[in-house]
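So the structure is just underneath, and the comments pick up after that.
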Amino acid sequence: MAMDVVDYEIFGNEMQYVEVELDPGEAAVGEAGVMMYMQAGIEMDTVFGDGAQQGGLFGKLMGAGKRLLTGESLFTTVFQNTASSKQRVAFAAPYPGKIVPIDLRALGGTLLCQKDSFLCAAKGVSLGIALQKKLGAGLFGGEGFIMQKLDGDGMAFVHAGGTLMERTLAPGETLRVDTGCVVAYQPSVDFDIQYVGKVKSALFGGEGLFFATLRGPGKIWLQSLPLSRLANRIILSAPAAGGRSAEQGSVLGGAALGGTLLGGGLLGGLMGGSDE
């Protein structure tokens, strides 16, 4: 399928959004729920599958099945410019981090990325799946057997949590990475997992049992704040969800201590009992 050539601009620092400019007749494909705003000449259509399948009903079913396997919605939203002038549509990052613009043509036409990193792309980019070839990487690599596969010659935009690291590995160069910090990599990069090596480190080091190993040649993208790590910290700090209160301002945690004393009636007793 012919790729639409789109212009874009990324705005913001910690919470970014990308504005895509579409010529008349051009379209962009967005993940469900990421659209921020669009101009009046943009028509939005929800399609079954990835928006790039052209094989009739069977092709659409295949496209939808691929997205279901990666944990994404069965539907994709297509934003097409039906006006006679240029129109803009914007897509927002789902949590703090960086939006990464990737020219698939410059990478040989294919990119492998984690399942929830895709944000949007030019119409014509195919969203598929890539199975891990190694059993260990599939079971313990943090992303499971299935990675998301972007194919085409157009622009794609993926999201990385926290601060982005972009690096090109030389042939044979190896980098050991926390499994959740891998955002995307070229197919030429060998992805595997490695046991941390020491039982004490595995049990008490807080980094898990396995590292991801990325071996060049090829380009990789890493994130400093995986969504799972952010969610865990929020839950641990949320008393309503069973976490601990983390108020600041006192070494003893004055607000938490005061709340406990008031709740138990102890503070009232120390202050002279009830009002009766």
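The basis for the numbers below is simple: all heavy atoms, side chains too, and nothing from hydrogens, waters or symmetry mates. As the structure is a computational prediction, the values presented were derived from the model and not from experiment. One-based numbering along the sequence shown.
Linking Ile, Leu, Val, Met, Phe, Trp and Tyr residues whenever their side-chain heavy atoms come within less than 4.5 Å places M44 and V89 in a single cluster.
The closest side-chain heavy-atom distance from H159 to P94 is below 4.5 Å. A 4.5 Å side-chain heavy-atom check between V189 and P217 finds every atom pair outside the cut-off. Residues L104 and M155 are not in side-chain contact: their nearest non-hydrogen atoms beyond the backbone lie 4.5 Å or more apart. Counting only heavy atoms from C-beta outward, the side chains of L222 and V183 never approach each other to under 4.5 Å. With a 4.5 Å cut-off on side-chain heavy atoms, D103 and D153 do not count as touching. When side chains are defined from C-beta on, M165 counts as touching L175, because their heavy atoms get closer than 4.5 Å. Contact of the V125 side chain with the V29 side chain is not registered, since no non-hydrogen atoms from C-beta on lie closer than 4.5 Å. A heavy-atom distance below 4.5 Å is found between the side chains of V158 and I102.
Taking the six-membered ring for Trp and the full ring otherwise, the centers of F91 and F157 sit at least 6.0 Å from each other.
Shortest non-hydrogen contact noted between A212 and T179 is N-CG2, 3.8 Å. Here the closest non-hydrogen pair linking Y185 and L111 is O-CD1, 3.6 Å. In terms of heavy atoms, A92 sits closest to L119 at O-CD1, 3.5 Å. Considering all non-hydrogen atoms of both residues, L22 and F79 come closest at CD1-O, 3.5 Å.
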What's the verdict on side chain to side chain donor-acceptor pair (under 3.5 Å) for R215 and T174, showing C-alpha distance, side-chain angles and the deciding distance? CA-CA 4 Å; R215 181 175 293 105; T174 301; 3.2 Å; yes
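Identified under the ring pair (Phe, Tyr, Trp, His ring centres under 6.0 Å) test for residues 164-183, with sequence neighbours left out: none. Listed by first then second residue, pairs satisfying side chain to side chain donor-acceptor pair (under 3.5 Å) with a partner in residues 84-100 read E19-R88, E21-R88, S85-Q87, not counting sequence neighbours.
Judged as a side chain to side chain contact (heavy atoms under 4.5 Å, CB included), and not counting sequence neighbours, the contacts of T110 are K149, D151, P187.
Using modelled atom types, no side-chain atom of T77 and backbone atom of T46 make a donor-acceptor pair closer than 3.5 Å.
A salt bridge between K219 and E166 is present, with a side-chain N of the basic residue lying under 4.0 Å from a carboxylate O of the acidic one.
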